[in-house]
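The structure presented is a predicted model; accordingly, all values stated were derived computationally and were not measured. Hydrogens, waters and symmetry mates play no part in the numbers below; they use all other heavy atoms, side chains included. By convention in this document, chain letters (A, B, ...) are assigned in the order of the sequence lines, proteins followed by strands, and residues within each chain are numbered from 1.
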Amino acid sequence: MSLRLYNTLTGQKEEFTPLEAGKVGMYVCGVTVYDYCHVGHARATIVFDTVYRYLQHLGYQVNYVRNFTDIDDKIINRANEEKIGWQDVTKKYIEAFYEDMGQLNIAIPNVEPKATDHIDGMLKMVSALIEHGKAYEAEGDVYFSIKNFPEYGKLSGRNIEDMMAGARVEPGEHKRDPMDFALWKKSKPGEPSWDSPWGPGRPGWHIECSAMGRHFLGERFDIHGGGKDLVFPHHENEIAQSQGCSGTPPVKYWLHNGFVNINEEKMSKSLDNFFTIRDILKRYHPEVLRLFLLSHHYRGPIDFADQYLNDAEKTLDRFYEFFAAAQEKRGELKVESVTDANEGIRSQPFIQKIEEAMNDDFNTAVALAHMNEELRHLNKAMTHLQRKNGDWAGFDTAAATLKYACQLLGFLYHEPKDYKARVLASKKETLGLDVAQIETLIAQRQAARETKDWAKADECRDALTALGVVLEDNAEGTVWKVK
RNA sequence: GGCGCCGUCGCCAAGUGGCUAAGGCCGAGGUCUGCAAAACCUCUAUCGGCGGUUCGAAUCCGCCCGGCGCCUCCA
C-alpha cells in the first residue's frame, strides 16, 4: 500500500506521487519571529517534522524548506515596544525558536531561509507580476489584482464575488478592488526598508513564502504545509502570486494541520489563552508534549489541558520502563542491528503495520495504538523468557524494531535513566519534594523490612505515599518515583 | 451573512458502508508480591437526536440540537 494524503486543494485523500521519482520538495510555513512559540506552533512544527521523518523512512530524498518570517508589522511593533532594533527582536526569537524546537527534537530542515535574505527574489516576482498584468503599483505600494486571477479562491473554496461583498478597504490603502492584497508596502519613516522600483519599502507577507519556495524548490514542488489558519488568505495568495509568475500551480499537495484549543477555543494571542512551549517544558518532558500531540490525527483540533498531558506522560513512562528493563536484561538495544538496510527494518511485520497506519494520511494515532499493543506483547514476552530462560533472539529484534518505530515518531531518543531523571527533576521542582526526607524514609522502611517489621515498613510507605511518592521493590533494591 | 469542521465507553481518541467499534487513562476482579508497585490476564460503549437510502450505516442523505474554525494578523 502506498502513501495517501489529504490534499486541501481537492478536499480528498490522494495517492502521493512525487513530481520526480524518489524525491520530495516540501515547504512549510515557519514562524514570524516576534515572540516565544506557543503550543500551537509546536503542533505545526511537530506534525511536519513527523511528515518529514516518515517520507525519509519511505526512502524519499526530501528537500525540506522551513522559513522564518523576519520582517513584519508585529516585529516592528515589538521592536518599538522594547525600544530595540527590529533585528534584535528577530535574532532573539530565532534563538528562542531553536532552543524550544531543539528540546522537542525537531529535525533540522535542509534549508531555513529568512525572508530578509530573499528580498531580491521577491522584487523580481513583484516586477514579473506587474509585467504580466497581475499587479499594479499605487503610490509606492504594489497590489496583486485579484480580478486578473480567475482561479483565486480555489484552495479555500471561496468565490471572489462573495468575498468582495464583505471586504473593506482600510483607510490609507490604494487598492483598486477590496480583495487585492499587498505585494510590496511603502515604508513609513523610520521603518526598515529596501530599495525597489516603486521606492523604499518592504515585502508583503505572502510574497515572502512564494519567493523562498520558488528559490529553493522551483516553480512547482510536491508538498506545502502549514496551519489551517493559513489556508486563507496566505496560501491562497501564494498560489495567486506563484502561478501568476510561472503560469503553473506551484504546489501539488497542500497539507494543513488543525489547531490546539484551550477549552475548545483556538489558542491565540488575542484570546490570551496560550501556553508557550517553554512554560510547558518546565513541567513536562518534551517527548510528553510530542506524544500527546501525535496521539491525535494531525488535521483535527486538539484540546489542550494538563490532564491530557498527564495521560500522555503515563504512556511514555511505560515505554521507557520497558526499554529500561529490556536493556538491563539484554544490553543496549541497537536499532542498527535490524536497520543496516532500510529494507531490513521495513520488512518487519510490525513496521508494515506502522506503515499501513502512516500511509493513511499520517495516522499517528493508529500507529501509536499498534505500538502500545506491541509494547504489551513484548512485556509479556520478556517476563516469559526470563522465567523460562528462553531464546531471546526474536525478542531483541522485536524490541529494537519497536524502538525504531518510536523514534520514527520522534520520541524515545533518551536513555531511560536520563528520561527518568529529567521527569523527576521537574516534579521535584513543581511539587517541592524533599529528596533527603524521602531517602530517609526509604532507608527506615528498608531497615524495618529486614527485621520483618511489616507494620513499621508500611508506616514508612504510607508517609511516602502521602508525599506523592510511589515505591517499587525489585531485585536490586527499592526505587521510587513520583505518582 | 458566506464557506467549512466536529459531536464515538467516566476522560482522551482511531474508525467514515459489512469481520467481535483500535489504542491510552481511570475503575473492578485476578496472577505475582510480606503487603504493595510495576508487568501481565479478564471485564466495562452500538456511536448527539429524529427520519430516510441500503440486504446491511457510527460510517451516505435530510432535518434538528450542541460545539468550533476561517472570512483581519495568526501554526
Return a single string for nucleotides 35-41 of chain B, one symbol per nucleotide in 5' to 3' order, where B is base contact, S is sugar-phosphate-only contact and - is none, cutoff 4.0 angstrom on heavy atoms.
BBBSSSS
Result for 5'-nearest mapping on RNA chain B, choosing between A/A312 and A/V39, is A/A312
Look through every strand shown and name the nucleotide pairing with B/C63 as Watson-Crick or G-U wobble, where both distances are under 3.5 Å.
B/G49
Is it the case that the ring center of A/H118 lies less than 6.0 angstrom away from the ring center of A/F216?
yes
Of A/R422, A/R318, A/K427, the residue whose pairing with A/E313 passes salt bridge (Lys or Arg N to Asp or Glu O under 4.0 Å):
A/K427
Using a 4.0 Å heavy-atom cut-off, does A/F48 contact any base of the nucleic acid, only the sugar-phosphate backbone, or nothing at all?
nothing
Starting at the 5' end of nucleotides 5-16 of chain B, put B wherever the base has a protein heavy atom under 4.0 Å, S where only the sugar-phosphate does, and a dash everywhere else.
------SSSSS-
Let's see if you can work this out: which of B/A75, B/C73, B/G23 has an atom nearest to the side-chain heavy atoms of A/A369?
B/G23
Which comes earlier along RNA chain B counting from the 5' end, the contact point of A/E373 or that of A/N159, where each point is its nearest nucleotide?
A/N159
Below 6.0 angstrom between ring centroids: does that apply to A/Y419 and A/Y413?
no
With 3.5 Å as the limit, what N/O pairs link the protein to nucleotides 26-29 of chain B?
none

Hey, what are the protein-to-nucleotides 57-61 of chain B N/O distances that come in under 3.5 Å?
none

For the C1' atoms, the ones on B/A13 and on B/G30, what distance do you get once it is rounded to whole angstrom?
28 Å
Measure from CG on A/L294 to C1' on B/G23 and round the result to the nearest Å.
15 Å
Shortest non-hydrogen pair, A/C37 vs A/V31, comes out as SG-CG1, 4.2 Å
With a 6.0 Å cut-off on the ring centroids, do A/H206 and A/H235 count as close?
no
Within the 4.0 Å heavy-atom criterion, would you say A/V28 contacts the bases, only the backbone, or no part of the nucleic acid?
nothing
How close or far is atom P of B/C68 from atom CE of A/M267, stated in whole angstroms?
16 Å
Mind checking what makes salt bridge (charged side-chain N to carboxylate O under 4.0 Å, His left out) contact with A/D49, not counting sequence neighbours?
A/R53, A/R290
In this structure, how many angstroms lie between the P atom of B/C71 and the CD1 atom of A/I146, rounded?
15 Å
Can you confirm whether or not the ring centre of A/Y93 sits under 6.0 Å from the ring centre of A/Y36?
yes
To the nearest Å, how far apart are A/R299 CZ and B/A75 C1'?
17 Å
Base, sugar-phosphate, or nothing for A/G226, non-hydrogen atoms under 4.0 angstrom?
sugar-phosphate
So for atom NZ, which belongs to A/K428, do other residues, nucleotides or ligands contribute more than 12 heavy atoms lying within a distance under 6.0 Å?
yes
Taken to the nearest whole Å, CG/A/L155 to P/B/C70 is 16 Å
Who passes side-chain hydrogen bond (donor to acceptor under 3.5 Å, both in side chains) against A/K269, sequence neighbours left out?
A/D35
What's the closest nucleotide to the side chain of A/N257 if the choices are B/C73, B/A75, B/G23?
B/A75
Give A/G30 one of three labels, base, sugar-phosphate or nothing, depending on what nucleic acid heavy atoms sit under 4.0 Å from its own.
sugar-phosphate
